[in-house]
Colleague: 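Structure below; questions to follow.
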Amino acid sequence: MWRRRLSALLPRTPSAPSSYQQKHRHILLPTPNEKPPALNLLRLFTSLAGSDGDRPFIAFVLGGPGSGKGTQCSRIASDFGFAHVSAGDLLRNEISSGTDKGEDILEIIREGRIVPSEITVELIRKAIESSTAKRVLIDGFPRCEENRIAFEKLTGTEPDLVIFFDCPEDLMVKRLLGRNQGRVDDNIETIKKRLKVFESLNMPVVNYYSSRGKAHKINATGTADEIFEAVRKLFSSLRSQLIIEMCFLSSDAKGRCYEAVFFPPEPGESRLVEIPHYV
Ligand SMILES: Nc1ncnc2c1ncn2[C@@H]1O[C@H](COP(=O)(O)OP(=O)(O)OP(=O)(O)O)[C@@H](O)[C@H]1O
Ligand SMILES: O=c1ccn([C@@H]2O[C@H](COP(=O)(O)O)[C@@H](O)[C@H]2O)c(=O)[nH]1
Ligand SMILES: [Mg+2]
């Protein structure tokens, strides 16, 4: 699946960071106005901790029904430049398309059960492949160990990060009953079933990724703003392990070459590092 080797498109293979790069990688731009000079783009690639650079950075966003996954994903997407792939929305789109498969999915969602892995994984695969994003949030998937295994088998990869929104049941029920978006599963009978499925099938996935040090639990009981602050803190605490985007830019008017390192956790923040060995 991840055969788009960006590096193959590039004129030079990126070398390991030099000691100069290591030392200066956190130099901040001196002033907000001092932007990199207008340069011709020589190469652009993304270096992702935990991945081989051939695929986007993948974060699974998990949590019970109504824990606020969709709400927080929208914010993460707009502030940190992630594409937001909601497994539930992909399935609802299938229902809207009016196919036989859509009818089966509708029935499963109405009963709060889990759609077969081959359907969901394929929809997610297509959504990721058709996106040009370098960072993707997968909202509400995997729903069970079988989903997880199917995804990892098909893509040959694990997520780079798992965010788990932890919320008590009574609060989730209150939020769902107040959602008012006309969802067929936002009624108390289906909500009770979804909560059972969450405990028995979703939580083992969270526990699996916790045991591998990938899942990060966020208290999802406050306001949406308070929860997003916790997300922001998580991203900050992980920044050195997370995403490093590097643009290699061709020389400016003085013949210097620059590497611009964009670090998503602070929106708009960028760092400029001159790399002598590229001059
Ligand atoms: N922190 C919050 N405080 C109060 N209401 C919230 C909060 N976060 C989300 N909501 C509201 O709760 C409802 C459910 O939120 P959301 O759709 O984000 O949850 P979800 O985890 O994606 O649920 P589902 O699994 O059913 O898709 C929405 O109406 C949303 O506006
Ligand atoms: O990976 C998935 C995601 C969702 N479902 C089904 O859809 C509903 C609604 O999902 P939300 O993420 O809450 O929007 C869910 O209850 C499941 O029935 C799924 O089967 N697999
Ligand atoms: Mg949702």
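Predicted model only: the values in this text are computed from it and were never measured. Just so you know, ligand 1 is whichever comes first in the structure, and atom 1 is the first atom listed for that ligand. By convention here, the first residue in the shown sequence is residue 1.
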Colleague: Students should be able to answer this: which protein heavy-atom is nearest to atom 9 (C) of ligand 2, and at what distance?
Modeller: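 The answer is R183 NH2, 3.4 Å.
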
Colleague: Work out which heavy atom in A220 is nearest to a heavy atom in S67; give both atom names and the distance.
Modeller: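 It is CB-O, 3.5 Å.
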
Colleague: Backbone, side chain, both or neither: what part of V197 comes under 4.0 angstrom of ligand 2, heavy atoms only?
Modeller: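 It is neither part, as no heavy atom is under 4.0 Å.
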
Colleague: Heavy atoms only: which of L123, N202, T120, I109 is nearest to atom 7 (O) of ligand 2?
Modeller: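 That would be I109.
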
Colleague: Minimum heavy-atom separation for P204 and E145, please, with both atom names.
Modeller: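 Closest pair (atom of P204, atom of E145, distance): O-OE2, 3.9 Å.
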
Colleague: V61 and side-chain contact (heavy atoms from CB on, under 4.5 Å): which single residue from Q72, H84, K69 fits?
Modeller: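 The passing option is K69.
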
Colleague: Can you tell whether the side chains of K193 and E189 come within less than 4.0 Å, N to carboxylate O?
Modeller: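 No.
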
Colleague: What's the shortest distance from atom 20 (O) of ligand 2 to any protein heavy atom, and which residue and atom give it?
Modeller: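 Going by distance alone, atom 20 (O) of ligand 2 is nearest to V115 N, 2.7 Å.
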
Colleague: What are the atoms of ligand 2, with element, lying closer than 4.0 Å to any heavy atom of A87?
Modeller: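 So the answer, numbered in order with elements, is 1 (O), 2 (C), 3 (C).
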
Colleague: Among all the protein's non-hydrogen atoms, which is closest to atom 5 (N) of ligand 2, and how far away is it?
Modeller: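 The closest one turns out to be L91 CD1, 3.4 Å.
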
Colleague: Any idea which heavy atoms bring C167 and R175 closest together, and the distance?
Modeller: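 That would be SG-NH1, 3.8 Å.
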
Colleague: As a test of reading the model: which residues have a non-hydrogen atom less than 4.0 Å away from ligand 1?
Modeller: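 Near ligand 1, by chain and number: G64, P65, G66, S67, G68, K69, G70, T71, R175, L176, R179, R183, R194, G222, T223, A224, I227.
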
Colleague: Hey, which atoms in ligand 2 end up nearer than 4.0 Å to a heavy atom of I114?
Modeller: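 Counting atoms of ligand 2 from 1, those under 4.0 Å from I114 are 20 (O).
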
Colleague: Looking at E229 and K233, is there a salt bridge between them, counting it only when a charged N and a carboxylate O are closer than 4.0 Å?
Modeller: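 No salt bridge links K233 with E229.
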
Colleague: Heavy atoms only: which of R194, R92, R143 is nearest to atom 15 (C) of ligand 2?
Modeller: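 Nearest option to atom 15 (C) of ligand 2, by heavy atoms: R143.
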
Colleague: Is the closest basic N to carboxylate O distance between K101 and D104 below 4.0 Å?
Modeller: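 Salt bridge between K101 and D104, a charged N being under 4.0 Å from a carboxylate O: no.
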
Colleague: State whether the shortest distance between N or O atoms of G112 and N or O atoms of ligand 2 falls below 3.5 angstrom.
Modeller: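 The answer is no, given that G112 and ligand 2 share no N or O pair closer than 3.5 Å.
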
Colleague: Between I95 and I109, which heavy-atom pair has the shortest distance, and what is it?
Modeller: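 Between these two residues, the closest heavy atoms are CD1-CD1, 4.0 Å.
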
Colleague: Just need the protein heavy atom nearest to atom 17 (C) of ligand 2, so name the residue and atom and give the distance.
Modeller: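 Of every protein heavy atom, R113 O, 3.3 Å lies nearest to atom 17 (C) of ligand 2.
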
Colleague: What I'd like to find out is whether the side chain of L62 reaches to under 4.5 Å of the side chain of F165, using heavy atoms alone.
Modeller: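 Result no, sub-4.5 Å side-chain heavy-atom pair not found.
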
Colleague: In the protein, what heavy atom is nearest to atom 3 (C) of ligand 2, and what distance, to one decimal place, separates them?
Modeller: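 I find the closest protein heavy atom is G140 O, 3.4 Å.
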
Colleague: Does a side chain donor of either D225 or T223 reach within less than 3.5 Å of an acceptor in the other side chain?
Modeller: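 Note: D225 and T223 side chains miss the donor-acceptor criterion.
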
Colleague: Quick one: which of N202, I149, L201 gives a side-chain contact (heavy atoms from CB on, under 4.5 Å) with C144?
Modeller: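 Testing C144 for a side-chain contact (heavy atoms from CB on, under 4.5 Å) against N202, I149, L201 leaves exactly one candidate, L201.
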
Colleague: Would you say T190's side chain and R110's backbone share a donor-acceptor pair under 3.5 angstrom?
Modeller: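 Between the backbone of R110 and the side chain of T190 there is a qualifying donor-acceptor contact (under 3.5 Å).
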
Colleague: Which one holds for D139 and ligand 2: side chain close, backbone close, both close, or neither close, with close meaning a heavy atom under 4.0 Å?
Modeller: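 None of D139 does.
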
